[in-house]
Amino acid sequence: MKQGWFKRYLIVVGVILIVLIAGGVWLKPSPEKLRESVEAGLTEYARAKTEAGETMPAVAHQESRDWIIAASHVATVGDKTFFCIGGFKVTYCQSPDA
């Protein structure tokens with residue numbers, strides 16, 4: 001009796017994991033699209049942090065990686081490095097200002 005319950009439990013957990021992974025792969029942004037959106041956001045960040053009369057620091061691409069259910073991007077704005085990861089249509093960037 002207990003073995004049948006455990007087997008059903010493992011099947012349900014397996015199906016849930018498969019659905020989550022498949023959804024992650026389907027909703028993951030492409031590395032190119034993530035790079036474009038992150039660099040556009042960092043350009044706005046640099047523009048907002050620039051004082052009057054200063055030149056805006058350049059946004060430079062460092063590295064992009066394509067993971068199974070996420071994509072990551074590392075970029076610099078002047079001397080600050082930002083690490084961003086995108087998955088499930090959500091992008092999160094770690095700010096050195098925090």
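Positions are given from 1 along the sequence.
Considering CD1 of I11 and CD1 of I16, their distance stands at 12.0 Å, rounded to 0.5 Å. From K7, atom NZ reaches atom CH2 of W5 across 15.0 Å, with rounding to the nearest 0.5 Å. Atom CG of L42 is separated from atom OG of S95 by 9.0 Å, given to the nearest 0.5 angstrom.
Residues S72 and F83 are in side-chain contact: their nearest non-hydrogen atoms beyond the backbone lie under 4.5 Å apart. At a threshold of 4.5 Å between non-hydrogen side-chain atoms, the residues K49 and M56 do not count as touching. You'll find the side chain of T91 reaches within 4.5 Å of the side chain of V38, heavy atoms only. Taking the side chain as every heavy atom from C-beta outward, R65 and H73 never approach each other to under 4.5 Å. The shortest distance between side-chain heavy atoms of T50 and P57 falls below 4.5 Å. Side chains of R35 and K33 form no contact here, defined as non-hydrogen atoms less than 4.5 Å apart.
Formation of a donor-acceptor pair under 3.5 Å by the T76 side chain with backbone atoms of D79 is not found in this model. Side-chain atoms of K28 never come within 3.5 Å of backbone atoms of K89 as a donor-acceptor pair (strictly under, hydrogens ignored).
Shown here for A71 and P29, the closest heavy-atom pair between the two residues is CB-O, 3.7 Å. Nearest heavy atoms, F88 versus L27: CA-CB, 3.8 Å. Closest approach of E39 and A60 over heavy atoms only: OE2-C, 4.5 Å.
Tracing side-chain contacts under 4.5 Å through hydrophobic residues (I, L, V, M, F, W, Y), one never reaches V25 starting from V19; they form parts of separate clusters.
Environment of CD1 in I68: sparse, with no more than 12 heavy atoms of neighbouring residues, nucleotides or ligands closer than 6.0 Å.
The aromatic rings of F82 and Y45 sit perpendicular to each other, their planes meeting at more than 60°, with 30° as the lower class boundary.
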(request) Carefully, step by step, assess R47 and E44 under the rule salt bridge (Lys or Arg N to Asp or Glu O under 4.0 Å). (result) CA-CA 5 Å; R47 188 173 291 125; E44 290 300 317; 2.6 Å; yes
